[in-house]
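Both ligands and their constituent atoms are indexed starting at 1 by order of listing.
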Amino acid sequence: MNRLRAALTAATLLAAGGAPARAQAVDSVAAERLAARRWFADAKFGLFIHWGVYSQLGAGEWVMHNRKIAVADYEWLATTFNPAKFDAVAWVALAQRAGVRYITITSRHHDGFSMFKTGATRYNIADWTPFRRDPLHELADACHAAGIKLFFYYSQLDWHHPDYWPRGGTAWNNGRPDQGDWSRYLAFMNAQLTELLTRYGDVGGIWFDGMWDKPDAPWQLDTTYGLIHRLQPGALVVPNHHQRPRPGEDVQTFEQDLPGANSAGFNTSYVSGDLPLETSLTMNGSWGFNITDKEFKSVRTLVGYLVRAAGNGANLLLNIGPRPDGTISPEFTARLDSLGAWLAVYGSAIYGTRRGPVSPRGWGATTRRGDTVFVHVLDWPDPLLPLPPLGARIRTAYVLRGRAVVPVVETAVGVTLALPPASADEPDRVIVVVTSGSPASNRSGR
Ligand code: H79
């Protein structure tokens with residue numbers, strides 16, 4: 001809400017004799033959350049981790065559904081989960097080398113198995129497996145020590161819990177009773193969220209998924225979101241429901257697509273004008289560990305996603321699927337290390353930026369911080385790059401790598417940059433354009 005509207009609302013309420021601040025419960029967003037949203041928009045790069053009982057079968061996180069595994073058989077599979085080589089400090093060290101600012105990890109996926117110690121069900125890693133440890137606790141401690149924020153992925157869809165009833169679009173006959181108590185299921189979720197938000201220190205937020213399984217069920221989101229915001233006023237609600245953002249939500253996230261694109265077929269084309277944005281992306285074609293999926297994106301392609309996400313004002317949440325023993329395959333670690341090396345040189349054109357004055361194009365994208373515009377040239381064959389007007393006079397322009405001056409021609413109809421030659425080791429030629437004032441198209445707030 002802008003200040004003028006706030007003042008008018010307060011004045012109206014006062015005139016009517018009402019309480020000024022409290023009455024705006026739905027609209028008002030706590031200062032901690034607004035600050036967390038700005039932090040999130042600055043962060044630009046996160047690491048997504050899909051890890052659970054399913055990792056053991058090496059066929060992705062939907063294997064229970066895809067192979068129509070019965071609840072009783074999956075429960076046995078869960079008793080064998082023992083990731084003895086799990087090392088939270090090593091995972092966080094990898095995340096740090098990659099240059100991510102936050103980690104989002106599966107606390108409970110659609111298989112319904114809790115990857116943390118919970119009092120809400122015995123079906124959890126500490127009570128059901130020989131591992132006995134709480135990996136999320138170890139990860140939270142390592143993240144806090146490293147200054148990386150930790151978000152918990154949390155599935156609202158559940159293929160195991162008997163009270164997930166009536167069942168949703170992904171249901172199959174897996175041995176559950178044909179009855180259940182939905183309000184008990186909601187209470188179970190709220191109890192687990194309470195644990196996640198009270199036992200693991202500061203949490204970046206909760207990343208919800210699976211609501212699309214029962215889009216019209218009485219989810220009572222206001223209650224759940226209110227609980228989260230009450231327990232940790234700085235925690236963000238990030239819903240992957242593929243719909244327009246609702247009250248209480250803080251980030252609009254897009255799965256396997258840049259904001260507004262819908263190549264995946266289930267994203268909305270609506271893009272929020274004031275919430276921070278995020279794109280989640282698999283590094284190969286799978287979220288959970290998939291032992292035969294070798295369709296890994298190249299480093300050049302991944303840099304392109306990071307740059308195009310930033311040019312759209314979005315973060316990139318890049319996924320890895322660790323192995324069931326707790327190790328991370330070299331295809332993932334090599335790419336994360338390369339992205340970290342890239343960010344060590346080019347990070348100033350990514351971190352802390354907002355979308356630039358020229359919206360993303362086939363050739364690349366622009367970002368900006370203050371009066372500085374970063375022109376990211378990903379794919380352009382010619383020595384000259386014509387741009388529309390940047391909305392402010394140009395003071396100087398130079399190549400980010402090496403600082404060579406870039407000749408610029410500025411006319412009433414646009415700007416032309418003389419580019420440095422492309423080279424095979426440089427996926428993104430970044431031109432730093434220093435202007436004399438904030439570009440007109442700068443949108444504040446995200
Ligand atoms: O956790 C990862 C995936 O397991 C999960 N989200 C990411 C982050 C995910 N599950 N499904 N999908 C992503 C794809 C969603 C497909 C959908 Fe549908 C299309 C949901 C609704 C329409 C599949 C087909 C489920 C119902 C019909």
Requested in this report: Among Y154, Y54, W212, Y74, find the one that has a ring pair (Phe, Tyr, Trp, His ring centres under 6.0 Å) with H110.
Outcome: W212
Query raised in the report: Between W207, F116, Y102, Y200, which is the residue that forms a ring pair (Phe, Tyr, Trp, His ring centres under 6.0 Å) with F152?
Result: Y200
Give every pair made of an N or O atom of ligand 1 and a protein N or O atom lying under 3.5 Å apart, one pair per line with both atom names and the distance to 0.1 Å, or write 'none'.
{"residue": "ligand 1", "atom": "1 (O)", "partner": "H50", "partner atom": "NE2", "Å": "2.6"}
{"residue": "ligand 1", "atom": "1 (O)", "partner": "H109", "partner atom": "NE2", "Å": "2.8"}
{"residue": "ligand 1", "atom": "1 (O)", "partner": "Y153", "partner atom": "OH", "Å": "3.4"}
{"residue": "ligand 1", "atom": "1 (O)", "partner": "D209", "partner atom": "OD2", "Å": "3.4"}
{"residue": "ligand 1", "atom": "4 (O)", "partner": "E61", "partner atom": "OE2", "Å": "2.5"}
{"residue": "ligand 1", "atom": "4 (O)", "partner": "W62", "partner atom": "NE1", "Å": "3.0"}
{"residue": "ligand 1", "atom": "4 (O)", "partner": "H109", "partner atom": "NE2", "Å": "3.2"}
{"residue": "ligand 1", "atom": "6 (N)", "partner": "D209", "partner atom": "OD2", "Å": "2.7"}
{"residue": "ligand 1", "atom": "6 (N)", "partner": "E255", "partner atom": "OE1", "Å": "3.4"}
{"residue": "ligand 1", "atom": "6 (N)", "partner": "E255", "partner atom": "OE2", "Å": "3.3"}
{"residue": "ligand 1", "atom": "10 (N)", "partner": "W62", "partner atom": "NE1", "Å": "3.1"}

**Report entry** side-chain contact (heavy atoms from CB on, under 4.5 Å) involving D178 - partner list, sequence neighbours excluded
**Finding:** W165, R167
**Report entry** Cation-pi geometry met for K214 and Y164 (6.0 Å, 45°)
**Finding:** yes
Requested in this report: May I have all residue pairs that pass salt bridge (charged side-chain N to carboxylate O under 4.0 Å, His left out) and include part of residues 86-102, sequence neighbours excluded?
Outcome: R97-D337
Query raised in the report: Is there any ring pair (Phe, Tyr, Trp, His ring centres under 6.0 Å) pair reaching into residues 271-294, and which pairs are they, with sequence neighbours excluded?
Result: F48-W287, H50-W287
